[in-house]
Amino acid sequence: MVTIKKITKDKAWELRHKVMWPDKDFDYIKLEDDDLGIHFGLFKENILISVISLFISKEECQFRKFATLQQEQGKGYGSTLLDYVIMEAKKRGLKRIWCNARKNKVNFYKRFSLQETNDNFIKEDKSYVIMEKDL
């Protein structure tokens, strides 16, 4: 059974670190504004396997630090969680959702109708593009 619910930033940090930057110091995965975010977790049989953090500013939101356990990737759990967050943003009456997408994940985000912008950057030798969607 799969459930999605709000989680604490500490729970999000654990999975972020394990999936995204396991070779970095634990504090590396923390965001300055994590206290302002809404953190969601997808649980499979009560085990946290995917996390995403939503940051709302005026009429738009950014999702950040989207991570799914390596062994659970490709099974639709991340898609289920992202669908949930997009619906949550719509319920809140937000007008736009966006993210800093790793270039190698662009096609994944396109499945959710997010479009690439002309804003690109590199962080820690990884290439990113800002992707967005009107809600």
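Along the sequence shown, the residues carry numbers beginning at 1.
Put simply, the side chain of Lys133 gets close to the backbone of Phe112: a donor and an acceptor are under 3.5 Å apart. One N or O on the side chain of Lys75 and one on the backbone of Gln71 form a donor-acceptor pair closer than 3.5 Å. With hydrogens and angles ignored, the 3.5 Å screen pairs a side-chain donor or acceptor of Arg16 with a backbone N or O of Ile29.
Nearest approach of Ile7 to Ala12, heavy atoms of both residues: CD1-N, 3.8 Å. Taking both residues in full, the closest heavy atoms of Lys126 and Tyr128 are given as O-CD1, 3.3 Å, listed atom of the first, atom of the second, then distance. Scanning both residues, Thr3 and Met1, for their nearest heavy atoms gives CG2-CE, 3.8 Å. A pairwise comparison of heavy atoms in Val106 and Met131 identifies O-CE, 3.7 Å as the closest pair.
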task = Run the numbers on Lys30 and Asp25 for salt bridge (charged side-chain N to carboxylate O under 4.0 Å, His left out), then give the verdict.
result = CA-CA 10 Å; Lys30 296 178 181 180; Asp25 183 70; over 6 Å; no
task = Step by step, work out the salt bridge (charged side-chain N to carboxylate O under 4.0 Å, His left out) result for Glu59 and Arg96.
result = CA-CA 7 Å; Glu59 293 189 329; Arg96 175 179 172 255; over 6 Å; no
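Applying the side-chain contact (heavy atoms from CB on, under 4.5 Å) test between Thr117 and each of Asp119, Leu114, Asn120 identifies Asp119 as the sole match.
Ile56 CD1 to Phe63 CZ: the interatomic distance, rounded to the nearest 0.5 Å, is 13.5 Å. Separating the NZ atom in Lys5 from the OH atom in Tyr84 is a distance of 11.0 Å, to the nearest 0.5 Å.
Salt-bridge formation is detected for the pair Glu88/Arg92: a Lys NZ or Arg NE/NH1/NH2 atom is positioned less than 4.0 Å from an Asp or Glu carboxylate oxygen. Between Lys9 and Asp35, at least one side-chain N (NZ, or NE/NH1/NH2) sits under 4.0 Å from a carboxylate O, which counts as a salt bridge.
Taken together through direct or relayed side-chain contacts under 4.5 Å among Ile, Leu, Val, Met, Phe, Trp and Tyr, Val19 and Val2 form part of one hydrophobic cluster.
Ring pair Tyr28/Trp21 is perpendicular by interplanar angle, where above 60° counts as perpendicular and below 30° as parallel. Ring planes of Phe108 and Phe66: tilted class, angle from 30 to 60°.
No more than 12 heavy atoms of other residues, nucleotides or ligands lie within 6.0 Å of CG in Asn118, so this atom counts as exposed by the packing criterion. Crowding of Lys103 atom NZ: a count of heavy atoms from other residues, nucleotides or ligands under 6.0 Å exceeding 12.
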Donor-acceptor pairs under 3.5 Å, side chain of residues 39-52 to any protein atom, not counting sequence neighbours: which ones?
residue: His39; atom: ND1; partner: Ser53; partner atom: OG; Å: 2.7
residue: His39; atom: NE2; partner: Asp34; partner atom: O; Å: 2.9
residue: Lys44; atom: NZ; partner: Glu72; partner atom: OE1; Å: 3.2
residue: Lys44; atom: NZ; partner: Glu72; partner atom: OE2; Å: 3.3
residue: Ser50; atom: OG; partner: Ala67; partner atom: O; Å: 3.3
residue: Ser50; atom: OG; partner: Thr68; partner atom: OG1; Å: 2.8

